[in-house]
There are 2 protein chains.
Amino acid sequence: MRSKASPTITTIAEAAGVSIASVSRVFNGLPVRAETERRVLAAADRLGYVPNAVARSLKSNRTQQVAFAVADIGNPVYLAMLREIQPVLKAGGYRLVLHSTGADVGEEIEVLRGLGRRHADGLIISPIRVTGELLREIDGLTAPAVVIGSLPDGARVDNVRADSRTGIDLALRHLADLGRRRIGFVNGPLDTVPGRHRDTAFRAAMARGGLPVDEGLVHVGAFQRDTGFEATRRLLDRSPGPDALLCANDLIALGALDALRAAGRDVPGDVAVVGMDDTELAAVSWPTLTSVSLGSAERGRRAAELLLDRLRTPDTGPPAQVITVAPHLVVRASTSGGDR
Amino acid sequence: MRSKASPTITTIAEAAGVSIASVSRVFNGLPVRAETERRVLAAADRLGYVPNAVARSLKSNRTQQVAFAVADIGNPVYLAMLREIQPVLKAGGYRLVLHSTGADVGEEIEVLRGLGRRHADGLIISPIRVTGELLREIDGLTAPAVVIGSLPDGARVDNVRADSRTGIDLALRHLADLGRRRIGFVNGPLDTVPGRHRDTAFRAAMARGGLPVDEGLVHVGAFQRDTGFEATRRLLDRSPGPDALLCANDLIALGALDALRAAGRDVPGDVAVVGMDDTELAAVSWPTLTSVSLGSAERGRRAAELLLDRLRTPDTGPPAQVITVAPHLVVRASTSGGDR
DNA sequence: TTGTAAGCGTTATCAG
DNA sequence: CTGATAACGCTTACAA
């Protein structure tokens, strides 16, 4: 243990025989006489002085912190965003406050309110469910925020969104090119943003491709491996069964692979499987998984850059921007067979 | 946009016709006349008042934040810790400030200094390299900190460590039971804490098992998939080659599986493979990977609990504690063959 | 129960 | 270049 209470600017001023203003100047690189600087630094060093960031924040009204809020940081999609966001913020001189809300809208709203309390200077949030209450809270924000995920038109905050419509189109076209016709779809909850979008996109893309949607081959569950496993087991019971499976995320697809393997079906020979999000799991699974990349990493990076822009120019700047990141299909063994 | 400047306690006091003390009391649940409370809340609501957390922090000298510093949050081991730490802190009323230092000792030291600057009330850090400078900085800390990973004896901070010695022992015993004798070892950098420990532990365990260490079957690289791939390619060139491979983490093991597959070797028939850390990758790979769990999640949880204890009882409490989390072996297809 | 006033540790203005 | 001094927004004695 060092001293009882940590020294403040006042302590140092007394010890160095100067005013607190001079101490402050030294630590802010403002012009001071060399002798003054020497004495201040000596005293500071001797007493172990460290500037108090909270006091500075109170004066400057900036915390140098940015909050990042997601439903579950264990989810590889959010992790991919985080990995891009963190270095961008750090380079901009901001610390990252992480909120894992557990998909609880109430907690997301708490985070939004925290912004008002000045816990952070800005916020990046990726809400899993966009309720009216959430939107109202977002609209009332007084500090800059960026939402990752789609927002209704007219929202007042910057918005970086994926294009699941095009993404699913890419996947279905790929499957159609492989001659697949009976395409099953395993989705997550329809009251979540991605769930709803992916459902709409699936039906639109099927229609566009002239493929009929067999409701018996559409399954809704959670965005998890279990759901993929159970849903696939059920779909395999039908006849005729699916010759391809589009899964609304990679976890579901992994579960599907488990079920297909357990049922002795060949992938992609009997059933081709496509995941979504192109997480690192896709490259590791067996067989490796063809997946629709919705550009999570890029969305994270763009969101962070957008926020830094806003932070730099407090009030001015363009009105709410909408950035859409282009998807792309990453073809691996679960559809292309041969190579792995 | 709401009003220009956000209202403060003073604004509300004036609007409600009471003193700032009364406003403060209302927002802190201290006893006030019902009528006073009504007027304050009405004014606050009308003007959109939100208490400023920074000002509160300055008075209370607590930020309600805890910093968590790791080399790379993309690393599944650190992610596993984070996933446990986050909810524990949240339940304790603390926000989590995440630092991903990129294995840079300088940056780790910056984080340590940030604690002094009162960015956070406490710190959990998992240093990849324990240098003298880092130790000195840790020793000088004035706020509570917990180190995940081994520290030299006599350190002044709480320490939650893994037991790689026992872990590697478990793995080698398992391989020996399977009749493997020529056991290769692919490790990460020896100047990192885990690298050094795992090297020592490997040699000790081999000696204990009466197995000779063939230096030609020991390879040191990075804790990454590439290293596993390259190292394994090289080890396979030797003759006699290895009949088992112990990899110092799961990423290395995945690279080893790649190389074995590319070389047409059967796993575990020709070569058994064991990883370390038991990350989620182990359950997904092909074949699924036997791995030594060093209890990352539990280490994270214990660290967070320890820190909360310290935070609750500022100065008292026991001297620096050392907690060792027991490892265990998770057997999967890369050694046991049959089931997957 | 309520108000006044003194801090918390900085930064910044304004005279010297 | 330097020193008083007034904020920043809040909590908390201490009086009333």
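- Using a 4.0 Å heavy-atom cutoff across all strands shown, S57(B) reaches no nucleic acid atom at all.
- Contacts between residues 17-25 of chain B and DNA chain C, defined by a heavy-atom separation below 4.0 Å, involve V18(B), S19(B), I20(B), A21(B), S22(B), R25(B), listed by number.
- Residue E37(B) is the one, among E37(B) and I9(A), whose nearest nucleotide of DNA chain C lies closer to the 5' end (criterion: closest heavy atom).
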**Q.** Steps toward side chain to side chain contact (heavy atoms under 4.5 Å, CB included) verdict (R129(B), V193(B))
**A.** CA-CA 6 Å; R129(B) 245 170 273 261; V193(B) 174; 5.8 Å; no

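- An OP1 or OP2 oxygen of dT2(D) is reached within less than 4.0 angstrom by a side-chain nitrogen or oxygen of R33(A).
- Within 4.0 Å (heavy atoms only), N61(B) reaches no atom of the nucleic acid at all.
- One can place OH of Y49(B) at 10 Å from P of dG9(D), the figure rounded to the nearest angstrom.
- Across E37(A) and V26(A), no two heavy atoms sit closer than the pair CA-CG2, 3.9 Å.
- Note on V26(B): nothing from the nucleic acid sits closer than 4.0 angstrom, heavy atoms only.
- Using a 4.0 Å cut-off between charged nitrogen and carboxylate oxygen, E108(A) and R113(A) do not count as a salt-bridge pair.
- Regarding R118(A), its CZ atom lies at a distance of 10 Å from the C1' atom of dG9(D), rounded to whole Å.
- Side-chain contact between T192(B) and F223(B): present, with at least one pair of heavy atoms (C-beta onward) separated by less than 4.5 Å.
- Summarising the geometry, the separation between CD1 on I12(A) and P on dG3(D) is reported as 15 Å, rounded to the nearest angstrom.
- As rounded to whole Å, 16 Å separates atom P of dC14(D) from atom CG of L30(B).
- The residue among E35(B) and A55(B) whose nearest nucleotide of DNA chain C lies closer to the 5′ end is E35(B).
- With salt bridges taken as basic N to acidic carboxylate O contacts below 4.0 Å, none links E133(B) and R136(B).
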Taking distance alone, no hydrogens or angles, what donor-acceptor pairs closer than 3.5 Å link side-chain atoms of residues 43-53 of chain A to residues at least two apart or in another chain?
from, atom 1, to, atom 2, distance (Å)
N52(A), OD1, V54(A), N, 2.7
N52(A), OD1, A55(A), N, 3.1

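- A donor-acceptor pair shorter than 3.5 Å can be found between the side chains of R95(A) and H119(B).
- As rounded to whole Å, 10 Å separates atom C1' of dT11(D) from atom CG of L58(B).
- In 5' to 3' order, the nucleotides of DNA chain C bounding all contacts with chain A (an atom under 4.0 Å from a heavy atom) are dG9(C) to dT13(C).
- Spacing between atom CZ of R62(A) and atom C1' of dG9(D) amounts to 18 Å, rounded to whole angstrom units.
- Under the 4.0 Å criterion applied to side-chain N and carboxylate O atoms, R196(B) and D191(B) are not assigned as salt-bridge partners.
- At the phosphate of dG9(D), neither OP1 nor OP2 sits under 4.0 Å from any side-chain N or O atom of T10(B).
- Using a 4.5 Å heavy-atom cutoff, the side chains of L307(B) and L311(B) are in contact.
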